[in-house]
Every structure is written in C-alpha cells, then in structure tokens.
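First comes the structure, then the notes that go with it.
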Amino acid sequence: MFIIFVFMNLHEYQAKEILEQHGVAIQRGRVLFDKKNTSKVADSLVLETGTEWFVVKAQIHAGGRGKGGGVKIAKNRKELDKVVSEILGMRLVTPQTSKEGKLVNQVLLSEDVYYSGKSEKSEFYVSVLLNRKTGKNMIMYSSEGGVDIESVAEKTPELIFYEEIDPLIGIVPFQARKVAFNLGLTGNAYKEMVKFITLLYKCYVSSDASLFEINPVLKTSDDKIIAVDAKVSLDENSLFRHKEYESCRDLREENPIETEARAVGLNYVDLDGNVGCMVNGAGLAMATMDLIKQSGGEPANFLDVGGTADAKRVETAFRLILKDKNVKVILVNIFGGIVRCDRVAQGIVDAYNNMGNIIKVPIIVRLQGTNSEIAKDIIDNCGFKVYSAVEFQEASNKIQDLI
Ligand code: GDP
Ligand code: MN
C-alpha cells in the first residue's frame with residue numbers, strides 16, 4: 001500500500017540550531033557560505049570554544065558525507081583554509097547521492113570534539129521517529145554509532161534497541177534512564193545521556209518533526225554527551241504553525257517539480273514510476289496509486305488536483321506531470337461530485353488543445369459521477385490520443401497495453 005508523507009528536510013547546521021534552542025548539547029559550529037569569511041567565522045567560533053582544531057562539514061541533504069570526503073579535520077588556520085577551499089563548492093558524491101553528487105553551497109565549521117582521539121564505545125546512534133504501526137513515537141538507539149545504521153540492522157540487529165513513547169504521556173524518566181543504561185553508560189556520562197535523551201525527545205515533539213537522527217552521539221573524553229551530526233525531517237503539514245522554520249527551506253535541495261507545484265497550490269509528490277497520475281482528492285489518489293501498482297504499473301507521482309478540475313488547472317497539472325521524463329502514460333481518475341464530469345472532460349480536451357503538441361504520451365481518462373456518460377462522449381470524440389474508461393479495470397487494462 002502506498003503511504004505518502006511530505007517532509008521538509010533540514011541541513012545539519014539548521015537542525016543543530018533547533019537542538020540548541022531546546023537545550024540539547026551539540027558540537028558547536030558556525031555556518032560558512034563564502035570562503036572569504038573563513039577567518040572571521042573561525043575567530044567567532046574559537047572565541048566560544050577555545051580550540052583551534054576544527055572539523056569542516058559539507059552541508060547537503062544527504063548522509064554519508066564523511067565517506068565522500070565531505071567531512072575533514074583541520075588543526076590550524078592554514079589547514080582550515082585549505083580544507084574549506086576543497087569542500088565548499090565541490091560536487092560531493094556520497095553513498096546517498098546520485099553519481100553526479102550534490103553541489104556544496106555551504107559548510108559547517110565546527111569545533112573538533114574528538115580531542116583525545118577516537119576511543120572505543122564513544123559513538124552512539126540515537127533517533128526519534130514515529131512508529132506508524134503502533135501510532136507511537138519511538139526512540140531507536142544503538143551502541144554502534146558513527147557507522148551506517150542500515151548495516152548494523154543487517155549484521156547485528158540485536159544491537160539496535162527501541163523505546164516506544166506514548167505521545168499523550170510523553171517521555172517518562174525511567175525510559176530515558178533505560179536508554180542510557182542499555183548504551184552501557186555509567187557515572188556522569190549516564191546522567192548526561194538521560195538529560196540528552198529527554199531533551200531530544202522534547203525537541204522532536206515541539207518542532208513537529210518526523211525524524212531526528214543523531215549519528216553519532218558522542219561521549220567525549222570528559223564524559224559530555226553531544227550531538228555530532230543531525231539529520232532532521234519536519235512534517236510539511238505542520239509548517240503553518242512554525243513560521244520560524246520557513247527560512248530553513250533550501251529549494252536547491254528539493255525536487256524542482258514539487259517546488260513548482262507548491263507555488264501554484266497543487267499537491268504533487270514525485271515518485272519513481274512511469275504512470276503519471278492526476279486525481280482529485282488525496283484518498284482517491286492513494287487508492288489509484290495502489291490500483292496502478294496492482295495492475296503492474298508504477299506511479300510516477302502523487303497529484304491531487306483538488307476540487308476545481310477546470311481547464312486551467314488540468315493544463316497546469318499536465319505540464320507538471322510531463323516534466324518527469326519517465327512518464328509513459330497518464331491516468332486521469334476523477335470523481336465528479338460537485339465538479340461535473342462533463343466539465344472536467346471539456347477541461348481535459350481544452351487543456352490538450354491549448355498545449356499544442358507537447359503531449360506525446362497517451363492519456364487514459366476515467367470519469368465517474370455526475371454526467372459521466374456525457375463526459376465519455378466528449379473524450380471519445382475529441383480526436384486526440386485520449387482514451388476513456390468507465391470502470392477502473394478498463395483503465396488498468398489500457399495501462400497494461402500502453403506501457
Ligand atoms: P555523515 O558522514 O554525513 O554521517 O557526517 P557526520 O557528521 O556523521 O561525520 C562523519 C564522521 O566524521 C563522524 O562519524 C565522526 O567520526 C567524524 N567527525 C565528526 N566530527 C568530528 C570531529 O570533531 N573530530 C573528529 N576527529 N572526527 C569527527
Ligand atoms: Mn552521521
């Protein structure tokens with residue numbers, strides 16, 4: 001079954017700002033956009049931290065940066081300049097990016113927190129996320145931090161722990177203590193971890209996040225517990241009540257079709273398949289995507305055109321769908337309740353006309369509801385590569401013929 005959740009991902013430096021606002025201890029740093037400002041930004045950081053050992057971290061929306069050369073240590077200003085020049089502006093390829101990689105538009109200049117070198121069992125994995133099966137929040141954690149959590153899950157799943165948290169009750173002190181205990185901590189580090197987990201959970205809830213993943217959480221040689229990395233996704237549907245996060249959106253990191261759709265008020269989510277979908281209503285859109293999959297196709301997108309499927313909106317929707325070069329066929333599945341099917345059919349034909357020759361792929365139109373018979377006539381007689389279908393099975397058979 002398809003489930004679509006829309007997130008806004010943050011850069012590490014933005015995520016750390018939110019953590020800091022909620023009292024969660026972090027590896028301190030400053031974002032740097034232009035290498036001309038390196039010494040000024042480094043001065044201000046050194047004033048706060050007191051160390052001239054730095055780590056420079058590429059800020060892109062992808063993990064695995066360390067492996068790709070996007071995280072480098074500098075032990076003096078000369079090395080710092082060199083490392084900043086290397087990372088800022090590079091195209092960073094990591095196991096989580098495409099082959100082309102991602103352009104690094106900014107770096108995070110941080111204090112080196114591994115001041116006495118890496119020791120065993122000092123890097124942990126902690127994330128807070130929603131367990132959709134139980135409808136509860138969940139803290140997922142492991143003593144095996146700093147490495148790919150996916151490979152830990154594969155090779156040593158017994159080293160990953162889960163703590164479910166009732167969203168109505170919130171985190172209860174014994175739960176935070178259990179996490180710290182299971183991570184093998186004692187003494188001050190144990191106390192610090194209890195505090196870290198409690199504040200991290202509160203931060204996750206009050207920012208309406210879908211994910212806070214901290215990998216690694218570091219136990220420093222003087223038993224402090226701090227977030228060294230932070231991967232955060234905010235729930236897009238909650239952003240209306242978080243104007244403070246509006247400026248965190250980095251459009252350069254987002255899918256351009258989704259950005260364009262948002263600007264015209266269309267609900268569009270890009271997917272990997274080849275059947276473009278235009279549907280009214282999110283529920284019907286989800287059901288349609290399930291049915292496409294069942295009939296052997298793969299949806300290329302989720303698109304809810306909403307209640308007003310007039311020619312203009314239909315045209316905008318077609319243009320968006322067609323920007324995705326994988327689309328081989330478009331399925332329009334619209335229920336005409338308040339909006340009559342004949343109106344929608346006419347809208348589709350008008351949109352097709354207005355767009356000249358740009359539609360090269362066949363379109364299957366299923367219109368059900370008020371005036372669906374008239375609508376079918378309009379589609380059948382329009383003279384374009386547009387096929388009508390009354391029942392979904394018909395539409396599904398046509399998809400199979402056409403892809
Ligand atoms: P990721 O590779 O995208 O997950 O980026 P991280 O922020 O997790 O950094 C990658 C790795 O760099 C971490 O797992 C650490 O081992 C290492 N690292 C990060 N900060 C420091 C630091 O201050 N000093 C040292 N020596 N290593 C660091
Ligand atoms: Mn990491």
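We count ligands from 1, going down the list as the structure has it; atoms in each ligand are counted the same way. Atom set for the values below is all heavy atoms of this structure, side chains included, hydrogens, waters and symmetry mates excluded. We number each residue from 1, following the sequence as shown.
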With heavy atoms of [X] as the reference, note each atom of ligand 1 found under 4.0 Å away.
| X | value |
| --- | --- |
| Arg65 | 1 (P), 2 (O), 3 (O), 5 (O), 6 (P), 7 (O) |
| Gly66 | 1 (P), 2 (O) |
| Gly63 | 3 (O) |
| Glu111 | 23 (O) |

Should [X] be counted as touching ligand 1, given the test is an N or O pair under 3.5 Å?
| X | result |
| --- | --- |
| Ala62 | no |
| Glu123 | yes |
| Val55 | no |
| Val113 | yes |

Option of least heavy-atom distance to [atom] (set: [options]):
| atom | options | value |
| --- | --- | --- |
| atom 24 (N) of ligand 1 | Thr220, Asp112, Asn215 | Asp112 |
| atom 25 (C) of ligand 1 | Ile226, Ile73, Val56 | Ile73 |
| atom 19 (C) of ligand 1 | Val228, Asp229, Ile60 | Val228 |

State whether a side-chain donor-acceptor pair under 3.5 Å links [X] with [Y].
| X | Y | answer |
| --- | --- | --- |
| Gln393 | Asn397 | yes |
| Asn188 | Glu192 | no |
| Ser98 | Glu100 | yes |
| Ser210 | Asp235 | no |
| Glu394 | Tyr387 | no |
| Glu163 | Tyr201 | no |

Using residues 263-276 as the side-chain source, report each donor-acceptor pair under 3.5 Å to any protein atom, sequence neighbours left out, with the distance given to one decimal.
from	atom 1	to	atom 2	distance (Å)
Tyr268	OH	Asp270	OD1	2.9
Asp270	OD2	Asn255	ND2	3.0

Handout entry: Reported OG1-to-CD1 distance for the pair Thr198 and Ile171, which is rounded to 0.5 angstrom
Key = 5.0 Å
Exercise for the section: Take every heavy atom of Gln27, measure it against each atom of ligand 1, and state whether any distance is under 4.0 Å. Expected result: yes
Fill in the blank from the handout: For Asn9, the side-chain hydrogen bond (donor to acceptor under 3.5 Å, both in side chains) test, sequence neighbours excluded, returns Ser233
Practice task
Keeping to residues at least two apart or across chains, list the ring pair (Phe, Tyr, Trp, His ring centres under 6.0 Å) pairs with something in residues 308-352.
Solution key: Tyr352-Phe384
Practice task
Below 2.8 Å of the Mn ion (ligand 2), tally up the protein N/O/S atoms for me.
Solution key: 2
Handout entry: Aromatic ring pairing Tyr141/Phe161, orientation class (parallel under 30°, perpendicular over 60°, tilted between)
Key = parallel
Exercise for the section: Take the angle between the ring planes of His242 and Tyr245 and call it parallel below 30°, perpendicular above 60°, tilted in between. Expected result: parallel
